Amino acid sequence: MAVPPGVSEREWADALKQFQQALGSGGVFTSDEDVALYRDFYSPLWGEAEERVASAALAPDTADQVQQIVRIANTSRIPLYSIATGRNLGYGGSAPNLAGSVVLDLKRMNRVLEVDDKRHFAIVEPGVSYFDFYRHIQDRGLNVWIDCPDPGWGSVIGNALDHGVGYTWGAFRDHFHSHCGMEVVLPNGEFLRTGMGAVPGSRTWAEYRYGYGPYVDGLFSQGNFGVVTKMGFWLFPAPETYLSGTVTVPKRADIVPLVDIVNYLEHAGTIGMPRYGSPLGQVRDQELADLVAQPGGPSTDDLDAFAARRGVAAWECKLQFYGGAEVVAAQWAYAREKLSVIAGARFEDTEFYRFPLTAEQAERAHKVALGIPNLSIFAGGARSELNPSPRDGHVFFAPVIPKSGRAILDAMQVFNPVVREVGFPNMVSFFKAPNTWMFRAFVFLYSFPISRSDRAQNRRVREAFPRLVRAAAERGWGEYRTPPVFQDLVMDAYSFNNHALRRFSETLKDAVDPNGILSAGRGGIWPRHLRNTRG
Amino acid sequence: MATRREFLRAGIAASVVPFSLSSPFPRALSAEASEPIAIRPVQPDTVIFDLRFPSSVAFGHEARRRGIPVWALEDGDITDLWYRDLSLRWKQGPAAIAGLTDEPALFCLERLAWDEQRMRVVFRGRHRRRSPGRLEHELWGPATLLKQAPGLGEEPAWGAAVATLVGQCPEDESRTSRTLSVETSAESAGDGAEPLVSWLIAPVRRERGTV
């Protein structure tokens, strides 16, 4: 049995007895086989001495039990690492930043406490997955949608706290942004409620997020100031219909006006999540391959000439509309009119659904765009020269770049040389489209393959990250989310005024969690006693 | 090839025969496997297989032949299996499942089984083509069980043999498991390069006081 860092075997044994008293033996896990399930299966340190592996796991069923655990840990100086369901795959999974931490697994706390489909909100516990949430709504015929990420098995709260994102309307697919009020167990075991939840007997917990006074909710996302045990969320009123249409533009430089106009449509509330792509980038052709292989990459003129000869568009964007049938038809007509100023723009009606879906429609639809959780993304991995063992997972490099066409072209210029130099030449792309989950920025995502049998490959990934983070920072870009092994690195880039942001968080950490028991290192924030060594 | 719907119908219609040594198994085990396993085998509620892989289909056929309800995956996606079946069943209590699938399907099911009922993988076989004509079966499980598995036959018949082996996995055996590598000569019948995994997910007994 592993012993957490900073405590003796005897102290650990005493603490375990107390944890068992609080949870019963069914909520305390210390065997190697059980604890192994909390490893990060996508860890770039898999199987190496530096891999951050937990020592034990605790699974409370109630917020009161969370409170008891935290009090015991605070007294005994046991490091805890809280997870909701531990599905932060590609960004750390359920493994802690500090090796030997005790995972506080909140999956058993899986109650949907309230859903109101007239005021369009819900309050849930951290173990509620998107599947649980969806089923609760469907079983009761409630007139609201959820917004979910690609894998639907994650926690609604956990995803929001990790700044996770989805696929529908801008107000809902930034999951932390769509939350409203939370209940938190602080490191001293005290309960805190934020926003309107701070009013005893509150009737508006999930309707007005700020309450009164400083807004502190952000401290509990990607942070380590408390364990969130309840959260409110705003929900999407179920639309009557869904319509999608695709616009294509012929030239490479057309991405600039295309993004400008789509931004206008989205920020003005006309469309849901836009989805960019490059039809030209899908062409498999030796002439194009030769153009791309030129030193310095292809010229814009060459690409435009090739695209014109083949009749292939340089870029496309799928626009999504939600609402009444007449409304979405009018919005699509308006969008076409706005986008027609781009010479050569073409339009195609893509999908139209009236809800409820037929079984056949549900089968072929892009489910997450309709708020339907699923796990199909795990069935989609493809073996390739770049990724010969795709089943072993990946880590994401996820820089946030400006929401402009110019930034898309810049990002390729910035990152292509780096990914080539660090040994991933097949990741070089001149047709890479941004990820549009965020309402007000793009993510320019790279997915680096991880191997559970090839340490050299994982080492190359680890060596690539500092280069990529630095390249981004030199352009004024930073990452929004990253695995524990890179969190200090990423936080280092947020260095304005001699790292004032991190120093402020550390000051708060020392005040709120002086014993440093909660999720040490998460978000690049270490407690005082581990600060110099970073764990 | 049977469709998923046909398999589901057959699986539901079949009388449920305990997945144990009392069933009339094919003689997939070698002569060395003559000693019966004294401990009661785990009885899966459902066997899961993937229609894309002939060996996996053979696994499903064997389970169905013995009356085990089966669930066929068409493209490796476990969403329907999870949402329509396991998530509901596991809310009621633990229920063992077995299968021969690709690795992502097991990856998902292993975590979901842990989440819902603290069940774990108690048998795992990794089956992959190491070179043309050579298959490797890397088995992990209770030692008494692995002694029974010196040969697994040609593709896709090895799928049925593994189904038989999984059907004998004893309950509550101590964790003194070992890895056994078995190599056979076989021509590909269509499984392709994708490694497959056979597995059994079941409740595990945790000793009181040792957590």
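Just so we're clear, the structure is a prediction, and the values are computed from it rather than from any experiment. Chain naming here is simple, since letters A, B, ... match the order of the sequence lines and numbering starts at 1 in each.
Looking at A:F19, there are no atoms closer than 4.5 Å to chain B (heavy atoms on both sides), in backbone or side chain. Interface residue B:R118: only side-chain heavy atoms are found under 4.5 Å from chain A. When heavy atoms are compared at a cutoff of 4.5 Å, A:P151 does not approach chain B at all. Proximity to chain B (any heavy atom under 4.5 Å) is restricted, for A:N110, to the side chain, taken from C-beta onward. With a threshold of 4.5 angstrom between heavy atoms, A:L89 approaches chain B through side-chain atoms but not through N, CA, C or O.
We find that B:D45 and B:R89 are joined by a salt bridge, their nearest charged nitrogen and carboxylate oxygen being less than 4.0 Å apart.
Between the side chains of A:D147 and A:Y130, no donor-acceptor pair of N or O atoms lies under 3.5 Å. In this model, a donor atom of one side chain and an acceptor atom of the other lie less than 3.5 Å apart for B:T101 and B:W199. Residues A:R140 and A:H136 have side chains that bring a donor and an acceptor to within less than 3.5 angstrom of each other.
Put simply, of B:C108, B:A105, B:S87, the one with the most heavy-atom pairs under 4.5 Å next to chain A is B:C108.
With rounding to the nearest 0.5 angstrom, the CG atom of B:D115 is 4.0 Å from the CZ atom of A:R87.
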